[in-house]
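Counting starts at 1 for both ligands and their atoms, following the listed order.
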Amino acid sequence: MDIAQIMYRPGLMQGERILVTGGGTGLGKVMAEAFLYLGAEVHICGRRGAVLEATADELMTRHGGTVGAHVCDIRDAASIDAMVAAIWAQHGPLTGLVNNAAGNFISRTEDLSINGFNAISDIVFRGTFYITHNVGKRMIAENIRGNFLAILTTWVWNGGPFTVPSAMSKAGINVMTQSLATEWGRYGLRFNAIAPGTFPTKGMTERLSPGNSQGLQGQNADRGNPMGRVGEMHELANLAVLLMGRGADYINGQTIAIDGAGYQANSGNFYQSLSRMDDQQWADMAAMIRGANAK
Ligand code: HXC
């Protein structure tokens, strides 16, 4: 990310202590960097300790401050509880949680196994609730004004063909965002979400557009976009800071798209690009995605 494109004053996020799930790579890393750069203490969690440690070191070398790295699979509620308790005990109360961790792969729904459905919904649907519930209860008990942000997708509004477990799960989190914005607003907790369009990351490309060079789909993600391009990381980070910082706190219960109007122009989902693939193309896709999962 080009940090010079962060549009806020230095120190804006001083006093904040924010946990970003899936913060070792991709969009989570970008948001973590912006919060750190603006003065927040940042914590990142994920499944791979070495990746998290490398990111924490890289960001602290670049910007100073504190980035805590925590190995935690958010599918495991006990592991979440241990991590959040450790942050609270060793650093102090969290003031913010970014629900960024996700899992996804494209598949015809008739080809999905129950395990495949669970692999995604356990991360996105259940895991996001587990950690939100854990952090939220602690904030309520200690009277902390907290900010919650979920990374969703525009599919929450019109469905996600070929990504049904992800679309269903993220739609559930969209409703959680609206529900808790109202239920827990009285405790000073607010809940918002971002629905990004295409912001290319390694994890996303490997599972949603594998084999770009073969032209199956995704290689021209920018072609149908009214702005003629994909998203730039600093754009997402600037929106995340707006929603997680203090200054526009009256924004509550909103899901904001940042997609160049791709949703309005072409539905933002995979219907057009994937609905004409044949059996062989799907088999090739699945092999490539499984290869990425195995890494
Ligand atoms: C069909 C598949 C499959 C595929 C896995 N499975 N890949 N089925 N097609 N391509 C099935 C497996 O066969 C197995 O079922 C079940 O899913 C679990 O697979 P595992 O590999 O054991 O799961 P696990 O190691 O837990 O990995 C979870 C994962 C993986 C979700 C499958 O992709 C992952 O770890 N993802 C994290 C990162 C990620 O996905 N990033 C992209 C996010 S992009 P069986 O029946 O065989 O046992 C995103 C953006 C959305 O969310 C919005 C974009 C605009």
Side-chain angles (χ1 to χ4, degrees), residues 21-30 45-48 51-52 72-76 79 98-128 150-174 193-211 216-218 221-222 224-225 230-231 236 255 257-260 262-263 266-274 277 279 281-295:
T21 67
T25 56
L27 305 186
K29 180 179 174 183
V30 165
C45 69
R47 288 174 286 176
R48 295 170 297 167
V51 171
L52 294 162
C72 176
D73 186 336
I74 62 165
R75 290 177 280 197
D76 178 0
S79 163
V98 179
N99 280 310
N100 164 78
N104 201 0
F105 52 78
I106 51 169
S107 174
R108 292 185 295 199
T109 303
E110 62 269 34
D111 296 337
L112 271 178
S113 68
I114 296 301
N115 279 348
F117 178 82
N118 289 345
I120 292 172
S121 58
D122 284 353
I123 300 171
V124 181
F125 184 73
R126 289 190 180 73
T128 302
I151 303 302
L152 301 178
T153 143
T154 53
W155 310 334
V156 303
W157 297 310
N158 65 343
F162 307 104
T163 53
V164 166
S166 165
M168 287 173 63
S169 300
K170 287 189 180 255
I173 302 309
N174 193 39
I194 295 176
T198 306
F199 286 77
T201 65
K202 187 166 174 287
M204 186 195 92
T205 304
E206 286 176 347
R207 294 178 180 85
L208 302 184
S209 311
L216 293 178
Q217 60 105 0
D222 51 345
N225 189 284
V230 296
L236 182 99
T255 299
I258 179 164
D259 71 341
Y263 168 66
N266 57 32
S267 85
N269 64 30
F270 285 121
Y271 181 70
Q272 294 298 340
S273 56
L274 297 184
M277 287 201 340
D279 289 348
Q281 287 175 311
W282 274 112
D284 293 346
M285 281 279 197
M288 285 188 275
I289 297 168
R290 287 171 196 278
N293 289 349
K295 270 190 249 164

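Taking a 4.0 Å cut-off on heavy atoms, Trp155 registers as neighbouring ligand 1.
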Using side chain to side chain donor-acceptor pair (under 3.5 Å), reason through Asn99 and Thr128 one step at a time and then give a plain yes or no. CA-CA 6 Å; Asn99 280 310; Thr128 302; 4.7 Å; no

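For a threshold of 3.5 Å applied to N or O pairs, the pair formed by Arg47 and ligand 1 contains at least one separation below that value. The shortest N or O to N or O distance between Ser166 and ligand 1 is not below 3.5 Å.
Within 4.0 Å of atom 52 (O) of ligand 1, at least one protein heavy atom is present. Under the 4.0 Å distance rule, the nearest protein heavy atom to atom 25 (O) of ligand 1 falls outside the cut-off.
With Asn269, Asp122, Asn104, Ile106 as candidates, the residue nearest to atom 43 (C) of ligand 1 on a non-hydrogen basis is Asn104. Taking each of Val124, Asn115, Thr163 in turn, the one with a heavy atom nearest to atom 48 (O) of ligand 1 proves to be Asn115. Of the listed options Val156, Thr198, Asn293, Asn293 places a heavy atom closest to atom 5 (C) of ligand 1. Around atom 41 (N) of ligand 1, the closest heavy atom drawn from Met285, Arg290, Arg207, Lys170 belongs to Arg207. Among Gly203, Gly103, Gly116, the residue whose heavy atom lies nearest to atom 42 (C) of ligand 1 is Gly203.
For atom 19 (O) of ligand 1, the closest heavy atom belonging to the protein is Ala119 CB, 4.6 Å. In terms of protein heavy-atom proximity, atom 9 (N) of ligand 1 is nearest to Phe105 CE1, 3.5 Å. Regarding atom 47 (O) of ligand 1, its nearest protein heavy-atom neighbour is Ser113 OG, 4.4 Å.
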